[in-house]
Amino acid sequence: MRVSRPTSTAALGDRSLFPRLAFDAYLNHAGIGPASVVVEAAVGLVLETYATRGLHALPQWIDDREELRKKLATLVGGRPQDIGFVTNTSHGVGTIAQCYPWRSGDRIVVFSGEFPANVTPWQRAAQVHGLGISFVPLDDFALPGGPDLARLEAELRHGDVRIVAVSAVQFQTGLRMPLRAMADRCHAHGAELFVDGIQAVGVIPLDLPALGVDYLAAGSHKWLMGMEGGGFIYAAPGRAERLRPVTASWLSHVQPGGLAFLFDGAGHLRYDRGFKGDMSFTESGVSNSMGLAALHSSVDLLVALGPEAIFDHVSRFLDGLEAPLVERGFTSARLSDPARRSAILSVLPPPGHDLAAMAKALVARGISVSTPDGYLRFAPHWPNNGATELPLILDAVDAHLKEASA
Ligand SMILES: Cc1ncc(COP(=O)(O)O)c(C=O)c1O
């Protein structure tokens, strides 16, 4: 007996799928995407099927996951076999960092200012595999007229760099990285580009093969609007076969006949089958069925709305917020080049204003924002509505500025 996973229709700027969201403006999708009623229902349904059918619920959710794999592949421009499920971004970064076919003397390039989930696993790989690791400043890319790719290229010219690891979008400033240009430089010097995609996938259109990205990992709990404990990893064609599955278990093996020992009687238990040569090798044991069903129901909405339309919607929201904030004395970290903009607007408060106090005051007034690394961050998604929310945000900002200056 199969049940239907919940689906719904959605419209840009309409938050009726989030009836219990306790903020007038929820601008924290770069932190945690709130659960829609569809996501809640998907989690509930998985639980119910296991409560009523136990083992007999399993096949449905295995099949559902394969459908999700296809949809995620389409979302980022890959093939289903290029996608593996992981428990979070860190799991995806660590998988490549540990399974990469390193050679003695190899070096990794990371960026200072990155979220640590895209630094720590590389530092650990450098320790375990005896590799070099170098930092390039993100400021190279953030400052108009800065060195941009020059310093990265200088590192690559040494010829020993194998992996350059960068986030598609920087978590604190919202700076969108020039992935195509970075991938080109990497490939010209025998290196590959690894991308932490969690601040981009689900809100920014991405075509990974066209960008030349070699690997990408993204957790599901931000812009993909699933739950914590899920996510995916992508590897471009030809990469998965070269990875070494340094940790592996019973579901890492090639599948044909692989489950016969559970269903087809005695004599099928074997330990000599090879490992899967595609990215599903990351799924070494049973999966997070609830998290992946939640992600699936959210991805259905994202695909129906369309990444281009979503990003356009969010960009218009942020345009409408940036100018009045700058008028009020805030300093925007958003670059003027649209190609370097994301779904995040980060600002510094007017001189003399305390960032933490301001964020606390906004949250208390029903405006959910956060303060990563010294910035005030606004991160709207498809349900946010500029017409109704922008006046509320600016009223809350004005009320706080008045109170704080009194
Ligand atoms: C760029 C970036 N990478 C990774 C993460 C989170 O990593 P994980 O999914 O492993 O918790 C965040 C935010 O929490 C982030 O902003």
Side-chain angles (χ1 to χ4, degrees), residues 26-35 72 76 83-99 108-125 135-138 141-142 163-179 182 193-204 206 208 213 215-234 247 282 287-288 290-292 294-295 298-299 314 333 340-346 368-381:
Y26 185 82
L27 299 158
N28 251 325
H29 297 88
I32 296 272
L72 288 170
V76 297
I83 304 290
F85 293 112
V86 291
T87 51
N88 48 40
T89 321
S90 301
H91 178 200
V93 185
T95 297
I96 302 302
Q98 292 301 332
C99 301
I108 303 164
V109 169
V110 292
F111 293 84
S112 47
E114 276 272 341
F115 194 88
N118 199 23
V119 175
T120 308
W122 301 109
Q123 289 175 310
R124 187 71 192 123
F135 282 81
V136 167
L138 273 177
F141 299 84
I163 285 279
V164 171
V166 74
S167 290
V169 169
Q170 297 301 328
F171 75 104
Q172 73 291 63
T173 57
L175 174 70
R176 185 164 160 192
M177 302 303 288
L179 297 183
M182 293 177 89
L193 185 67
F194 177 94
V195 174
D196 172 341
I198 195 170
Q199 293 293 3
V201 182
V203 71
I204 293 181
L206 285 177
L208 299 180
V213 168
Y215 307 94
L216 174 139
S220 59
H221 61 282
K222 297 185 189 286
W223 303 96
L224 281 167
M225 297 184 82
M227 296 302 298
E228 293 165 40
F232 75 96
I233 185 166
Y234 159 91
T247 63
T282 55
S287 292
N288 170 8
M290 279 185 284
L292 293 177
L295 176 61
S298 176
V299 163
V314 168
R340 296 293 182 88
R341 293 177 165 196
S342 68
I344 291 173
L345 168 64
S346 288
S368 172
V369 290
S370 60
T371 57
D373 204 22
Y375 287 90
L376 184 65
R377 183 176 71 183
F378 299 90
H381 206 340

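Just so you know, these numbers come straight off a predicted model, no measurement behind them. Counting starts at 1 for both ligands and their atoms, in listed order.
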**Message:** Just to be sure I understand the cut-off, which residues have at least one non-hydrogen atom under 4.0 angstrom from an atom of ligand 1?
**Reply:**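 Under the 4.0 Å cut-off, ligand 1 touches Asn88, Thr89, Ser90, Phe115, Ala117, Ser167, Phe171, Asp196, Ile198, Gln199, His221, Lys222.
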
**Request:** With side chain to side chain donor-acceptor pair (under 3.5 Å) as the test, would you mind laying out the steps for Glu114 and Gln170 before giving the verdict?
**Result:** CA-CA 7 Å; Glu114 276 272 341; Gln170 297 301 328; 2.9 Å; yes

Minimum side-chain heavy-atom gap [X]-[Y] below 4.5 Å:
| X | Y | value |
| --- | --- | --- |
| Asn28 | Ser368 | yes |
| Phe85 | Leu72 | yes |
| Trp223 | Ile198 | no |
| Met177 | Val169 | no |

**Request:** Kindly compute the distance separating OG (Ser346) from CG (Asp373), expressed to the nearest 0.5 Å.
**Result:**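 One finds 10.0 Å between OG of Ser346 and CG of Asp373.
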
